[in-house]
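What follows is a single structure, written as structure tokens, with notes after it.
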2 protein chains.
Amino acid sequence: MDEKYIDALKALSEPNRLRLFWLLLHVDKRMAVAEAMDVIGDTQYNISRNLKMLYRAGLLEHHKKGKWVYYSLKAQCAPHCKALVDSVRHLPKEDFQQVMEHCILRLSLRENGECVLGADSAQWHEKIR
Amino acid sequence: MDEKYIDALKALSEPNRLRLFWLLLHVDKRMAVAEAMDVIGDTQYNISRNLKMLYRAGLLEHHKKGKWVYYSLKAQCAPHCKALVDSVRHLPKEDFQQVMEHCILRLSLRENGECVLGADSAQWHEKIR
DNA sequence: AGCACGTATGCGCAAATGTGCAACTGTGCT
DNA sequence: AGCACAGTTGCACATTTGCGCATACGTGCT
């Protein structure tokens, strides 16, 4: 039995992680942990751990740039994994409206396409007021 | 967030249940609990409970005929649920070879397309000898 | 070198989950 | 009516999983 596939199912079956993965999937961009924290509104340990679980399930990639760690979607090769990712892609957008709005606001704080602000910054609170 | 979808992910993320669902998916027939017991080789309570979880996740239907309860695939309407079922459908067949063989043997014990033998019968042990 | 900050991780606890058992429901047969 | 059998369900227990916390690691800056 495909271990990675089981891990992916488990990873996605948790609402917080599903939201997180949906975000990475629809934003189609790399995203730093601090940005994800602001967008999702969860604590640092949880975001970090959940991203790692998604990574270990073979769903995400990550690379370090300076002090920021960017996570991004991993291209799937096996057809069953592709279909699984597709199932998330087809989830109704309405369920993720706030996530999407927060995401756009948060990405607008980047400079030259790079994250420059940590989580919970004053500028962020300004935005979401 | 789509509760049913989360439930489906959870339901499928357990190897025993995934095997069970794969079976129903590929056999494309209704199957009695007793038959599933022989095919999967699990106890009665586990099969019963796991089938029920798959049912409550919106993945299966069931109907009673005499003393037998037949479970079968439920047609999916939402596109994300369809894609999820598809992902299971595309799992490599090699991982389920024994399940498939047992299934064919067990179905050959039917009479007029109906289950007539309980689990763990002498005839079944004859077959899988 | 020292400090601030972004990120990762081991520990402990509470909640959820899987499993075995035993009791219960419902159906068919005599 | 009584019995045998298919299937379901509540209970107890072991394992797993999510979360908060504290701490450690690594990088950029002064």
Side-chain angles (χ1 to χ4, degrees), chain A residues 6-7 9-20 30-57 60 62-72 106 109-111 114-124, chain B residues 3 6-7 9-20 30-57 60-72 106 109-111 114-124:
Chain A
I6 300 262
D7 287 345
L9 286 170
K10 271 210 189 88
L12 294 173
S13 67
E14 215 271 315
N16 288 325
R17 277 194 297 266
L18 181 58
R19 227 188 314 274
L20 206 47
R30 63 213 180 109
M31 176 151 347
V33 176
E35 294 176 317
M37 286 171 61
D38 279 349
V39 173
I40 302 288
D42 201 355
T43 59
Q44 191 266 323
Y45 12 97
N46 282 334
I47 296 285
S48 179
R49 255 186 309 218
N50 284 334
L51 283 172
K52 177 164 198 174
M53 282 192 229
L54 291 165
Y55 166 73
R56 281 209 276 211
L60 297 181
H62 63 160
H63 69 104
K64 200 162 185 166
K65 182 149 190 182
K67 54 182 179 176
W68 312 93
V69 175
Y70 289 99
Y71 281 83
S72 56
R106 177 67 223 219
L109 290 174
R110 284 192 179 177
E111 288 177 15
E114 299 291 336
C115 174
V116 292
L117 288 174
D120 229 44
S121 64
Q123 289 93 322
W124 171 246
Chain B
E3 270 309 317
I6 299 264
D7 287 344
L9 285 171
K10 271 209 188 89
L12 294 174
S13 67
E14 215 271 316
N16 288 325
R17 278 195 296 268
L18 181 58
R19 229 190 311 275
L20 207 46
R30 60 211 183 112
M31 176 150 347
V33 177
E35 295 176 316
M37 286 171 62
D38 279 348
V39 173
I40 301 287
D42 201 356
T43 60
Q44 194 267 323
Y45 13 94
N46 280 334
I47 295 285
S48 178
R49 256 186 308 218
N50 284 334
L51 283 171
K52 177 164 199 173
M53 280 192 228
L54 290 165
Y55 165 74
R56 281 208 277 210
L60 298 182
E61 294 178 335
H62 62 162
H63 69 104
K64 200 163 186 165
K65 182 148 190 181
K67 56 182 178 177
W68 311 93
V69 175
Y70 289 98
Y71 281 83
S72 56
R106 177 68 223 218
L109 291 173
R110 285 192 178 176
E111 289 177 16
E114 297 292 337
C115 175
V116 291
L117 289 174
D120 229 44
S121 65
Q123 290 92 322
W124 170 246

Which is true for [X] with a 4.0 Å heavy-atom rule: it touches a base, it touches only sugar-phosphate, or it touches nothing?
X: Met37(B); value: nothing
X: Tyr70(A); value: nothing
X: Gln44(A); value: base

Which whole-number value in Å describes the distance from [X] [atom1] to [N] [atom2]?
X: His62(A); N: dT9(C); atom1: NE2; atom2: C1'; answer: 14 Å
X: Arg30(A); N: dT7(C); atom1: CZ; atom2: P; answer: 12 Å
X: Leu54(A); N: dA8(C); atom1: CG; atom2: C1'; answer: 16 Å
X: Ile47(B); N: dT19(C); atom1: CD1; atom2: P; answer: 10 Å
X: Leu117(A); N: dC5(C); atom1: CG; atom2: P; answer: 12 Å
X: Asp120(A); N: dT7(C); atom1: CG; atom2: P; answer: 13 Å
X: Lys10(B); N: dT16(D); atom1: NZ; atom2: P; answer: 18 Å
X: Asp42(A); N: dC21(D); atom1: CG; atom2: P; answer: 12 Å

- Task: Return the minimal non-hydrogen interatomic distance between Tyr71(B) and Leu51(B), and the atom names on each side.
- Result: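 Closest heavy-atom pair between Tyr71(B) and Leu51(B): CD1-CD1, 3.6 Å.
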[X] side chain N/O closer than 4.0 Å to the phosphate oxygens (OP1, OP2) of [N]?
X: Tyr45(B); N: dT8(D); value: no
X: Lys64(B); N: dG7(D); value: no
X: Ser48(B); N: dT8(D); value: yes
X: Lys52(B); N: dT9(D); value: yes
X: Tyr71(A); N: dA8(C); value: yes
X: Asn50(B); N: dG18(C); value: no

- Query: To the side chain of Asn16(A), which of dG20(D), dT7(C), dC19(D) is closest?
  - Reply: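 Selected nucleotide (nearest to the side chain): dC19(D).
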- Message: Quick check for you: among dT8(D), dG20(C), dG20(D), whose closest atom lies nearest to any side-chain atom of Val33(B)?
- Response: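 That would be dT8(D).
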- Output yes when a side-chain donor or acceptor of Asp38(B) lies under 3.5 Å from a complementary backbone atom of Asp120(B), and no otherwise.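 Between the backbone of Asp120(B) and the side chain of Asp38(B) there is a qualifying donor-acceptor contact (under 3.5 Å).
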- salt_bridge(Arg30(A), Glu114(A)) N-O dist < 4.0 Å: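 Looking at Arg30(A) and Glu114(A), the cut-off is met.
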- Message: Quick check for you: to the nearest 0.5 Å, what is the distance between Arg49(B) atom CZ and Asp42(B) atom CG?
- Response: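 So the gap between those two atoms works out to 9.5 Å.
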- Would you kindly compare Met53(A) and Arg49(B) by the position of their nearest DNA chain D nucleotide and give the one closer to the 5′ end?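 Its nucleotide being nearer the 5' end, the pick is Arg49(B).
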- Task: Determine whether more than 12 heavy atoms belonging to other residues, nucleotides or ligands lie under 6.0 Å from atom CZ of Arg110(A).
- Result: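 Above 12, so yes.
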- Message: Suppose we call a contact any N or O donor and acceptor under 3.5 Å apart; does that hold for the side chain of Arg17(A) and the base of dG18(D)?
- Response: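 No, no donor-acceptor pair under 3.5 Å.
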- Item | Option from Met31(A), His63(A), His62(A) for which side-chain contact (heavy atoms from CB on, under 4.5 Å) with Tyr70(A) holds |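 The residue from Met31(A), His63(A), His62(A) that satisfies side-chain contact (heavy atoms from CB on, under 4.5 Å) with Tyr70(A) turns out to be His63(A).
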